[in-house]
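Along the sequence shown, the residues carry numbers beginning at 1. Start at 1 and go down the list; that is how both ligands and their atoms are numbered.
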Amino acid sequence: MGLTNQAISDIQTTANQVRKDIVSMVHAATCGHPGGPLGMADFMTTLFLQHFNLAPETLHEEDRDRLVLGNGHTCAGYYALLAAKGIIPHEELLTFRKFGARLQGHPHRNADMGIDFSTGSLGNSLSVAVGMAMGSRLSGFENRIFSISSDGESQEGQIWEAAMSAAHYQLGNLTSVVDFNNVQIDGHMRDVMNVRDLKLKYEAFGWHAMDVDGHDVLAIHDALECAEATFDKPSAIICHTVIGKGVSFMEDQPGWHGVAPNDEQLAAALAELA
Ligand SMILES: Cc1ncc(C[n+]2csc(CCOP(=O)(O)OP(=O)(O)O)c2C)c(N)n1
């Protein structure tokens, strides 16, 4: 169906606000992970604004879409989008990682916030999503199940056990999105543990797989539509992103995987995102 120029512009505007929220939240918390969610902001915003049907009015509907954010450490962007969708108050974002707050450093399952699964322990996400997709199909629901994982998470064997199951059970209602930013906690993938061509790997497991520029809103939208039109097998979207995207001094820098910006760095980041 494509996207109108207005829809693309709305996504880009929201993604920019999400990026500002991410750096502000991690700065206020004095700890957290800014790099990953900055890189995923364009994909996540396209998903939340155009595809994932989570909204205040659908929050408690059993057959709404479901999302498992496997790389839970990137949740600052997830929370910013829950605020953008009117599910949590925008002011709540600055409680991120504070003692007693709902917005912890890794997502905690919460029906009132539409958070479908507690994550943070890497490697489980796709297995959980496979279970949800099978459950939805058994219930006769027509919803979609989205699993988001990272390239670092793809080093875990459990991801591939889940991939094998999803193809075996022909889970056409499942989309696995991989944030392929080539960076993990200890450095670049090529130096730590190269996962190589994830599209080929998913295809070898029997999936419909696509490589996508994770900063091209239209390409992301097209890939999600393509996944939605594939019924006989699960779909994988390998999202090629740049960690820290939008803040020049954080881009492609493994050091920004899990460090908070100081006051000066926050000001510089917000100036770039203005
Ligand atoms: C099972 C497990 N082992 C280790 C960790 C610690 N850990 C947190 S983030 C991370 C790096 C994961 O790589 P990736 O998600 O690709 O990093 P990013 O792209 O966000 O920098 C690790 C090892 C964890 N959360 N879970």
### Summary
Of D179, T74, L69, the one forming a side chain to side chain contact (heavy atoms under 4.5 Å, CB included) with M44 is L69
#### Entry: Contact partition for I185 relative to ligand 1, non-hydrogen atoms under 4.0 Å
both
### Message
Would you say D252 and H188 are linked by a side-chain donor-acceptor pair, where the criterion is simply a distance under 3.5 Å?
### Response
yes
### Query
Within a reach of under 6.0 Å around NE2 of H108, are more than 12 heavy atoms found that belong to other residues, nucleotides or ligands?
no
### Task
In sequence, state the C-alpha distance, the side-chain angles, and the governing distance for Y202 and W160, and then conclude on side-chain contact (heavy atoms from CB on, under 4.5 Å).
CA-CA 9 Å; Y202 272 96; W160 302 105; 3.8 Å; yes
### Task
Return yes or no for this condition: an N or O of G36 is under 3.5 Å from an N or O of ligand 1.
no
## Note on the structure
atom 18 (P) of ligand 1 sits nearest the protein heavy atom H257 ND1, 3.4 Å
### Per-residue contact class, H33 against ligand 1 - non-hydrogen pairs under 4.0 Å
neither
### Query
What do you reckon, is CG of N5 surrounded by more than 12 foreign heavy atoms closer than 6.0 Å?
no
#### Entry: Nearest non-hydrogen protein atom, atom 3 (N) of ligand 1
E156 OE2, 4.4 Å
## Note on the structure
Of L122, D151, T241, the residue with the heavy atom nearest atom 4 (C) of ligand 1 is L122
### Query
Polar-atom distance check: S121 versus ligand 1, any N or O pair below 3.5 Å?
no
### Close-contact set for ligand 1 against I243 heavy atoms, below 4.0 Å
21 (O)
### Contact check: G120 vs ligand 1, nitrogen or oxygen atoms, below 3.5 angstrom
yes
### Query
Polar-atom distance check: V183 versus ligand 1, any N or O pair below 3.5 Å?
yes
### Message
Considering both backbone and side-chain atoms of H73, is one of its nitrogen or oxygen atoms within less than 3.5 Å of a nitrogen or oxygen in ligand 1?
### Response
yes
### Query
So which bit of Q184 gets within less than 4.0 Å of ligand 1, heavy atoms only: side chain, backbone, both or neither?
both
### Query
Would you say the side-chain atoms of N173 pair up with the backbone N or O of A133, donor to acceptor, closer than 3.5 Å?
yes
### Task
Tell me, yes or no, whether the heavy-atom count around E264 atom CD, taken from other residues, nucleotides or ligands under 6.0 Å, exceeds 12.
no
### Task
List the steps, then state whether side-chain contact (heavy atoms from CB on, under 4.5 Å) holds for M134 with S165.
CA-CA 10 Å; M134 291 183 79; S165 305; over 6 Å; no
### Task
State the atoms of ligand 1, each with its element, that fall below the 4.0 Å cut-off from a heavy-atom position in S150.
14 (P), 15 (O), 16 (O)
### Query
In terms of side-chain heavy atoms, does R144 have a donor or acceptor partner in T175 at a distance below 3.5 Å?
yes
### Task
Indicate yes or no: does an N/O atom of N181 lie under 3.5 Å from an N/O atom of ligand 1?
yes
